[in-house]
Amino acid sequence: MRWSTLHIPTLRDAPGDAEAVSHALLVQGGFIRQLHAGHYSLLPLGWKVHTKVATIVREEMDAIGGQECLLPTMHPAGIWQKSGRWDTMGEIMFRLKDRRDNEMALGITHEEIFATVAAELSSYKQLPQLWYQIQLKFRDEARPKSGLLRVREFAMKDSYSFTIDWDGLDEMFERHRVAYARIFERLQLAAFPVEASSGAMGGDTSTEFMVPCAAGEDDVLRCSTCDYAANVEKATSALAEVADEAPLPEPERFATPGIRTIAALEEAGAPADRQIKTMVLVADEATVLALVRGDHQLNVQKFVDATGAIELRPATPDEAKAALGAMPGSLGAVGVDGLTIVADEALRGRTNMTTGANDDDWHYRGVDIARDIKVGQWADLREVQAGEACMSCGTALEVVRCVEAGHIFKLGTVFAEKFGVTVADADGQEKPVVMGSYGIGIGRNMATVAESHNDERGLIWPVSIAPYEVVITVVKLDDNSMAAADVIYSDLKARGVDVLLDDRDARAGVKFADAELIGIPYRITIGPKALADGEVEFTERRSGDMQRVAKGAVAEMVTDLVTTQRKL
RNA sequence: CGGGCUGUGGCGCAGCUUGGUUAGCGCGCUUGACUGGGGGUCAAGAGGUCGGGAGUUCGAAUCUCCCCAGCCCGACCA
């Protein structure tokens, strides 16, 4: 294409409100424009990149046997009520009504719809099936941010597997791991798999693919020695043994005037790891207690996963007082009856502990948890901190800030049971089909590549998804230069290279700056200097390295380079 | 949802504290000239409901109130 005819609205200045690098560069480079919070228009350049990302995903899904479909975006409420997620999804779901007052929703994901399609399966001989689509999802995110990284309307590749048993699911899961690894390799993203919480998706296990990135929103605990990596919502670590002394015969009250914090109580003689921290939470309208060791932090998602709570929030100080009789700072679970008490595993078997006495300015010491506290449920609740020991090898774990680039779930038979997705097995017995679901956001991955590949001059796209693989920059629009440019341009096009001819009547500096800003990986510069020797200049965007090439040889050379890079 | 901040030509901003003729600047845009290998120079132009509404006032971009939108932090979130 000829630049002079295209709509590539690059900006001299970066937008003032863009914090994330990808956001600023995609706007400045003329790839995207915001319509309103969380909704972006993809301009020609942006759509080209987006399409190339989608193509890579499509190719890799096809390579593992995926069959592409396209399901509706708008769904009747009934289908979501059938799975029970009409209620559990809460505010994330855009809801609307049609003219007959029927309730509808915009799809946040498509398990329900694919399960409906799958209900037509009737025999194990039809399995396995692997279906996917690249389709818009709508999510009413509380806080869209960072350009394309977190939006309310976005294209996602979501695939769904249907197998006769769990071994089949394992096989499908493994296929996706391979496909995703290939996708991220082709996108040149440093993604790595991590253990994740399945959250509202439910199901058995899930794996996220994370890309280290400052603009990300997830923390991953990673071991540098072995391959352990897990989302902080799921991560565990090995704790040093704590040797407890024998407990007192019974908890002993002692006055702690003015002491409201773990740290203050520590100064008063109770080490933090010998304290029980009691937090009052409101889970789906019920008051519950979460107990962790004094020096530990509660991870809310872990609590949700352990208890199945849908909505969870900390109680207000007044609510805490109403429930336990004291203000935060003197709360405890000793002798508490009638409230659900969930305790972290690190507290199991501990004795001689200190905790609040549910009386302002009073605490108990000598507490034996097994004896004195009616724990209703033991669970892993504590948030792992950087530096704690890896469970499998003991190395200190590090925290890495990441973007979630993909997420794959083993769903099991939950949806199959609700939607009647059953098939007859070899013995003629009706069996629920085992499902998996697998997601990868197209726009988010595009933005993540932008986050990962840029410099002070702008974007540096990998050849695989660059809006154009090569730009021909004509320094001076005289007949001689344009003639040479046209020959090379036609030659490259004939060779199947995605080439952009910058034939704008602008100063060389402007063209160089724009080419670099929009991140075209290779540039052929045509100017009188080199042309006098029958040569053109060839520059690699990433390194800035320039070399002179005979004008008749450059097309073949570039084609070879691009072809190699493209396939990577 | 809580906290902080911001809305002024296409983009980036000043003006607002202390109300006062015609609302400025840079970039971009149009036309012309000179230029021509890293965002050039000169000249002449076009382009603005100052986020919206109500109020105070002789007079509001500026003060007051309400609303809307956007950004950032936190909460939340497949």
Side-chain angles (χ1 to χ4, degrees), chain A residues 7 9-20 23-24 27-30 33-40 85 88-93 107-111 137-147 149-152 154 156 158 196-203 206-209 215 217-218 231 233-234 281 300-301 304-305 309-314 316 404-411 436-441 444 457-458 473-478 481 502 504-517 523 525-532 536-537 539 544 546:
Chain A
H7 182 55
T10 58
L11 301 173
R12 183 71 173 266
D13 302 309
D17 56 8
E19 201 78 4
H23 184 194
V27 172
Q28 197 181 348
R33 286 294 183 265
Q34 184 183 56
L35 180 62
H36 65 143
H39 298 266
Y40 283 85
R85 297 208 288 186
T88 59
M89 280 302 178
E91 293 185 309
I92 198 80
M93 190 179 247
I108 52 178
T109 176
H110 280 76
E111 280 77 15
K137 305 290 184 228
F138 290 84
R139 294 181 188 179
D140 192 358
E141 295 286 351
R143 193 182 154 204
K145 57 176 289 203
S146 307
L149 281 174
R150 178 164 293 275
V151 290
R152 303 203 296 178
F154 58 96
M156 169 185 264
D158 45 326
S197 157
S198 300
M201 289 298 303
S206 79
T207 299
E208 289 171 325
F209 291 84
E217 301 180 82
D218 284 279
N231 193 302
E233 296 174 347
K234 179 85 174 180
L281 304 169
V300 173
Q301 186 63 44
V304 168
D305 289 346
I310 295 167
E311 273 182 44
L312 185 73
R313 65 173 174 84
T316 64
E404 179 190 344
H407 201 162
I408 59 182
F409 299 85
K410 292 187 181 178
L411 295 175
S437 82
Y438 317 86
I440 185 165
R444 178 182 282 183
R457 295 182 171 194
T473 302
V474 185
V475 165
K476 191 175 167 67
L477 297 185
D478 54 32
S481 295
D502 192 351
R504 293 175 298 166
D505 182 16
R507 300 186 70 84
V510 172
K511 297 190 189 188
F512 293 148
D514 271 347
E516 284 156 357
L517 174 63
R523 187 179 85 205
T525 309
I526 295 180
K529 284 190 210 159
L531 219 46
V536 296
E537 288 157 20
T539 310
M546 190 271 276

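The figures here come from the full heavy-atom set of this structure, side chains too, leaving out hydrogens, waters and symmetry mates. Residue numbers start from 1 in every chain, and the chains themselves are labelled A, B, ... in the order their sequence lines are given, proteins ahead of strands. Since we're looking at a predicted model, the values are computed, not measured.
Separating the CZ atom of Phe138(A) from the C1' atom of C77(B) is a distance of 18 Å, rounded to the nearest angstrom. The distance from atom NZ of Lys234(A) to atom P of C77(B) is 16 Å, rounded to the nearest whole Å. Atom-to-atom, CZ of Arg152(A) to C1' of G70(B) comes out at 12 Å; the value is rounded to the nearest Å. With rounding to whole Å, Glu91(A) atom CD is found 10 Å from C76(B) atom C1'. Regarding His39(A), its NE2 atom lies at a distance of 11 Å from the P atom of C71(B), rounded to whole Å. Per the geometry, CG belonging to Leu312(A) stands 8 Å off P belonging to C76(B), to the nearest Å. Remark: P of C68(B) and CG of Leu35(A) are 18 Å apart, rounded to the nearest angstrom. Rounded to whole Å, atom C1' of C76(B) lies 12 Å from atom NZ of Lys145(A).
Distance from the side chain of Pro15(A) is smallest for G12(B) among the nucleotides G70(B), G12(B), C72(B).
A distance of about 10 Å separates the P atoms of U18(B) and U64(B), rounded to the whole Å. Only the P atoms considered, A46(B) is 48 Å distant from G2(B), to the nearest whole Å. When the C1' atom is compared between U8(B) and A23(B), the two are found 9 Å apart, to the nearest whole Å. Straight-line distance between the P atoms of G28(B) and C42(B): roughly 12 Å, to the nearest whole Å. With P as the reference atom, U35(B) and G45(B) are 24 Å apart, rounded to whole Å. For the P atoms, the distance linking C77(B) with C5(B) amounts to 28 Å, nearest Å. To the nearest whole angstrom, the two P atoms, one in G7(B) and one in G52(B), are 13 Å apart. For the P atom pair drawn from U57(B) and C13(B), the interatomic distance equals 36 Å after rounding to whole Å.
Ala142(A) comes within contact range of at least one nucleobase, with a heavy-atom separation under 4.0 Å. Residue-level contact check: Ser146(A) touches the backbone only, with heavy atoms under 4.0 Å from sugar-phosphate atoms and none from bases. Within the 4.0 angstrom heavy-atom criterion, only backbone atoms of the sugar-phosphate kind lie near Asp17(A); the bases stay farther away. Note on Ala14(A): only backbone sugar-phosphate atoms sit closer than 4.0 angstrom, heavy atoms only; bases stay farther off. Nucleic acid contact class of Arg143(A) (heavy atoms, under 4.0 Å, all strands): base. Contact annotation for Met93(A): no contact, since no heavy-atom pair falls under 4.0 Å across all strands. Within 4.0 Å of Ile108(A), counting heavy atoms only, lies at least one base atom of the nucleic acid.
The two residues Ser197(A) and His407(A) come nearest to each other via the heavy atoms O-CE1, 3.6 Å. Scanning all heavy atoms of the two residues, the minimum distance from Lys511(A) to Leu477(A) falls at NZ-CD2, 3.8 Å.
A donor-acceptor pair is defined here as one N or O able to donate and one able to accept, closer than 3.5 Å; such a pair exists between the side chain of Asp478(A) and the backbone of Ser481(A). Panel note: side chain Arg444(A), backbone Leu149(A); a donor-acceptor pair is recorded below 3.5 Å. Although no hydrogens or angles enter the test, the distance criterion places a donor-acceptor pair under 3.5 Å between the side chain of Gln28(A) and the main chain of Leu11(A).
Atom OG1 of Thr109(A) and atom CD1 of Ile92(A) lie 11.5 Å apart (nearest 0.5 Å). Note that the NZ atom of Lys234(A) and the CD atom of Glu208(A) stand 10.5 Å from one another [nearest 0.5 Å]. Summarising the geometry, atom NE2 belonging to His23(A) is positioned 3.0 Å from atom OH belonging to Tyr40(A); distances are rounded to the nearest 0.5 Å. Atoms NZ and CG, on Lys476(A) and Asp505(A) in that order, are 10.5 Å from each other to the nearest 0.5 Å.
Nucleotides of RNA chain B nearest to Glu19(A) and Arg150(A) differ in position, and the one nearer the 5' end is that of Glu19(A). Nearest-nucleotide mapping onto RNA chain B: of Gln34(A) and Asp218(A), the residue sitting toward the 5' end is Gln34(A).
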Seminar exercise, completed: With B for base contact, S for sugar-phosphate-only contact and - for none (protein heavy atoms under 4.0 Å), nucleotides 32-40 of chain B reads ---BBBBBB
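Taking the charged nitrogens against the carboxylate oxygens, Glu516(A) and Arg523(A) do have a contact shorter than 4.0 Å, which makes a salt bridge.
Counting heavy atoms from C-beta outward, Val151(A) and His39(A) have side chains that stay 4.5 Å or more apart.
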Problem set entry | Watson-Crick and G-U pairing of RNA chain B written in dot-bracket, each distance under 3.5 angstrom, with | for inter-strand partners | ((((((((.[[[[.)....(...]]]].((((((.....)))))).....[[[[[..)....]]]]])))))))....
